[in-house]
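First the structure, in the form of structure tokens, and then the observations on it.
Here the structure is a predicted model, which is why all the values come from computation and not from measurement. Indexing begins at 1, ligand by ligand and atom by atom, following the structure's order.
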Amino acid sequence: MTGAFETVGVVGLGTMGAGIAEVFALAGLAVIGVEADLAALERGRGHLEGSTAKAVAKGRLGEAERAEILARVSFTTSLEDLAGADLVIEAIPEVMEFKRALFTDLDRICKPSTVLATNTSSLSVTEIAVTTTRPGRVVGMHFFNPAPVMKLVEVVRTVITEDGLAEEVADLARRLGKTPVTVGDRAGFVVNRLLLTYLNHAAVLLENGLADRDGIDAAMRLGVGLPMGPFALLDLIGLDTSYEVMCVLFQESRDRRHAPAPILRELVTAGLLGRKSGGGFYRGEQPAGPLSTSKPSVGSVAVLGEDGDGFADKLSAAGFKSAAAADADVVVALSRTPVIELAAGLAHPERLVGLHLVGDRIAEVASTVLTSPEAARAAEGLVRIAGRTPVLCRDRAEFVVDALLYPYLNDAVRMYDSGYAAIEDIDAAMKLGCGYPSGPFEMLDELGLETVRDGLRALYAEYREPSLAPAPLLDQLVTAGVRSIRDLP
Ligand code: 3HC
């Protein structure tokens, strides 16, 4: 049946729409690109020409091939030109009234067999479908930014989708070189529900002053191996889109963690929408240069706590004198938990800094309310000397990486437990849609269910946010001594 899709329409040629048009044309389909006016149409054409020119420059595409791809795409400002299309996908702004009006028009214009698809990030596909006289032939076909690169397509099937149609659309996605994951119609589907909740959480922690933008981004890139930090990714997705997705999630869940971080609204109102408007969390800054490894002027250091990484040895190899905690200029407490209690028991609590080594590339450097700026700066320098990137943060439960990672893993467990998606689909979606090195269930196996459960308990005790409490399934697995969620019968 996939052969039935030969001509597709793409309505809306912004970043996503133009990327989607490119993907279809690359796979050999005829594409009709539609925009509201000539200026927008030219911008869309520009996207496509620019992106394919880059592919030629990188040697991924030949000139002749590029010409063929561009020749497969026609541009129009008239929806009427979509009458004969086999499938039309919309990628217009995330406003339900716009989508409903568009689908009413498409339903009138397109032949009865045309499949109408929406690339909505989170809006209800069912609500869009019921505006047409063919709700059974309306599906979600959700691509990920940048569409030519990310391998996932979420195919969204509603309760009224015709039997077999989701499979046909999934086959079409495969023909585009993508991996489809078919899911039901729930706000945010799989990826945005997990991803945007985590990105929003990062923005909330930024506003709380847990760490700064660059620290949080570095923590998640270098500490977890994600391709981008949360703020660089929010800028890529667009802060307006991110804000809208959060509003839809919140409307469905009423979970405070889904309430958009106020900073998102503020940036959007200021016109700082991310990359597409030239600035968002990042505003044209140059990437940070090589980190200084100049030696901090510290006479002696005390290293407390379990030192699995040989941190103390690295410092003495670099020429730092070790001393007892009472005498040292800086006291570094290697710890997975906040260190304020330890600090309060010292003669010089201002000299104590908490240090949490994450993986082998970063160290979280936690300042308590008593830590002096000098001690924090010295610890930052010591971390660099030890060959790690320092992430300065406050002395809060789970510091930065785990505070962001564990709730995301918890949400994935809840999603699975709700019956919405299978473990393999959730893992595949996060890896292919976001370029994560492993899926949430793979990460859970790697970290250990008990470690994550205990981390969530600590986060809940600290922030008292109900959704930070361990998912009942996670708790039960740990209590039952089950090591992997995959071991469930
Ligand atoms: N169009 C076409 N190709 C592109 C591109 C674009 N916009 N951006 C990057 N590429 C290509 C590059 O040309 C390069 O190809 P090559 O290897 O053949 O030369 C390849 O992708 C890798 O790019 P770079 O080397 O320039 O950069 P990186 O290695 O840093 O990768 C990235 C860039 C692919 C964006 C990577 O950082 C990544 O995977 N980031 C995560 C993106 C993500 O999470 N997306 C999902 C967002 S959620 C979403 O979209 C849903 C929505 O509803 C909100």
Side-chain angles (χ1 to χ4, degrees), residues 12-26 44 46-62 66 69 89-94 99 117-123 125 140-156 176-179 181 183 187-200 202 217 220-222 224-249 260 264 273-276 280 282 287 408 428-439:
L13 296 175
T15 319
M16 279 311 285
I20 293 169
E22 183 181 334
V23 171
F24 278 117
L26 203 63
H47 272 305
L48 226 94
E49 288 177 350
S51 178
T52 48
K54 233 195 236 159
V56 171
K58 289 199 162 192
R60 271 189 283 124
L61 207 63
R66 175 181 182 239
I69 290 167
I89 178 166
E90 68 76 20
I92 65 170
E94 291 288 278
K99 306 248 188 207
T118 169
N119 178 54
T120 182
S121 309
S122 55
L123 293 174
V125 178
M141 200 175 183
H142 185 214
F143 288 80
F144 293 82
N145 193 356
V149 183
M150 308 316 285
K151 290 290 173 215
L152 178 72
V153 172
E154 285 176 324
V155 175
V156 185
L176 304 175
K178 306 289 185 192
T179 300
V181 166
V183 292
F189 316 124
V190 170
V191 171
N192 282 347
R193 194 174 189 98
L194 295 177
L195 177 71
L196 268 298
T197 306
Y198 142 69
L199 297 178
N200 191 55
D217 268 3
M220 298 314 284
R221 263 190 318 105
L222 305 176
V224 188
L226 307 185
M228 300 173 95
F231 302 111
L233 183 53
L234 280 162
D235 277 356
L236 174 73
I237 293 171
L239 304 189
D240 49 347
T241 304
S242 303
Y243 180 81
E244 283 149 9
V245 173
M246 291 320 300
C247 288
V248 174
L249 287 179
L264 289 177
L273 308 181
R275 280 198 199 175
K276 62 185 163 192
Y282 289 87
Y408 152 74
M430 295 313 293
K431 287 193 281 187
L432 301 171
C434 311
Y436 279 20
S438 46

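Nearest to atom 39 (O) of ligand 1 among the protein's heavy atoms is Met150 CE, 3.5 Å. Looking only at protein heavy atoms, the nearest one to atom 21 (O) of ligand 1 is Val149 CG2, 3.5 Å. Of the protein's non-hydrogen atoms, Gly433 O, 3.2 Å is the one closest to atom 46 (C) of ligand 1. Here the protein heavy atom with the shortest distance to atom 49 (C) of ligand 1 is Phe144 CD2, 3.5 Å. Looking from atom 35 (C) of ligand 1 to the surrounding protein, the closest heavy atom is Pro146 CD, 3.8 Å. Of all protein heavy atoms, the one closest to atom 13 (O) of ligand 1 is Arg60 NH2, 2.7 Å. Closest to atom 19 (O) of ligand 1, if we only count protein heavy atoms, is Lys58 CD, 3.1 Å. Protein heavy atom in closest approach to atom 53 (O) of ligand 1: His142 NE2, 2.7 Å.
Rounded to the nearest 0.5 Å, atoms CG (Leu48) and CD1 (Ile69) are 9.0 Å apart. The CG atom of Leu152 sits 9.0 Å away from the NZ atom of Lys178 when rounded to the nearest 0.5 Å. Rounding to the nearest 0.5 Å places OG1 of Thr179 at 11.5 Å from CE of Met150. The distance from atom CG of Leu234 to atom CG of Leu273, rounded to the nearest 0.5 Å, is 12.5 Å. With values rounded to the nearest 0.5 angstrom, Cys247 atom SG is found 10.5 Å from Leu123 atom CG.
Residue Lys54 does not touch ligand 1, judged by heavy-atom distances below 4.0 Å. Looking at Val245 against ligand 1, nothing comes within 4.0 Å, counting heavy atoms. Counting heavy atoms closer than 4.0 Å to ligand 1, residue Leu196 contributes nothing at all. Contacts between Val191 and ligand 1 below 4.0 angstrom, taking non-hydrogen atoms only, are absent altogether.
Inter-residue side-chain proximity for Met430 and Val191 is flagged as met; some heavy-atom pair is nearer than 4.5 Å. Contact annotation: the side chain of Thr241 never approaches that of Met16 to less than 4.5 Å [non-hydrogen atoms, C-beta and beyond]. Proximity of Pro146 to Leu236: side-chain heavy atoms (C-beta onward) are separated by under 4.5 Å at one or more points. At least one side-chain heavy atom of Leu199 sits less than 4.5 Å from a side-chain heavy atom of Leu196.
Distance screen at 4.0 Å: atom 30 (O) of ligand 1 has no protein heavy-atom neighbour inside the cut-off. Under the 4.0 angstrom criterion, atom 24 (P) of ligand 1 counts as lacking any protein heavy-atom contact. Distance screen at 4.0 Å: atom 27 (O) of ligand 1 has no protein heavy-atom neighbour inside the cut-off. Taking a distance limit of 4.0 Å, we find that atom 33 (C) of ligand 1 is approached by no protein heavy atom. In this structure, atom 17 (O) of ligand 1 has its sub-4.0 angstrom surroundings free of protein heavy atoms. Within the 4.0 angstrom cut-off, atom 10 (N) of ligand 1 has one or more protein heavy-atom neighbours.
For ligand 1, the atoms lying closer than 4.0 Å to a non-hydrogen atom of Ser121 are 53 (O). Those atoms of ligand 1 that come under 4.0 Å of a heavy atom in Met228, given as number and element, are 37 (O), 40 (N), 41 (C). Atoms of ligand 1 found under 4.0 Å from any heavy atom of Leu233 (numbered from 1 in listed order, with element): 42 (C), 43 (C), 44 (O).
Note on ring orientation: taking the six-membered ring where Trp is involved, the planes of Tyr408 and Tyr198 are tilted (angle from 30° to 60°).
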Please test Leu233 against Leu195 for side chain to side chain contact (heavy atoms under 4.5 Å, CB included), starting from the C-alpha separation and ending with a verdict.
-> CA-CA 10 Å; Leu233 183 53; Leu195 177 71; 3.9 Å; yes
Can Asp240 and Lys276 be said to form a side chain to side chain contact (heavy atoms under 4.5 Å, CB included), step by step?
-> CA-CA 10 Å; Asp240 49 347; Lys276 62 185 163 192; 2.9 Å; yes
Give the C-alpha distance, both sets of side-chain angles, the deciding distance and a yes or no for side chain to side chain contact (heavy atoms under 4.5 Å, CB included) between Leu13 and His47.
-> CA-CA 8 Å; Leu13 296 175; His47 272 305; 5.9 Å; no
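Which of Ser122, Pro148, Ala147, Pro227 comes nearest to atom 38 (C) of ligand 1 through a heavy atom is settled by distance: it is Pro227. Looking at Gly19, Gly435, Cys434, Gly50, it is Cys434 that brings a heavy atom closest to atom 44 (O) of ligand 1. Distances from atom 48 (S) of ligand 1 to the heavy atoms of Thr120, Leu199, Leu195, Leu152 put Leu195 nearest.
For a threshold of 3.5 Å applied to N or O pairs, the pair formed by Asn145 and ligand 1 contains at least one separation below that value.
Qualifying side chain to side chain donor-acceptor pair (under 3.5 Å) partners for Thr52, counting only residues two or more places apart in sequence or in other chains: Arg66.
The shortest separation from a heavy atom of Met16 to ligand 1 is not under 4.0 Å, leaving the residue out of contact.
Each salt bridge (Lys or Arg N to Asp or Glu O under 4.0 Å) pair with one or both residues in residues 224-238, not counting sequence neighbours, would appear here, but there are none.
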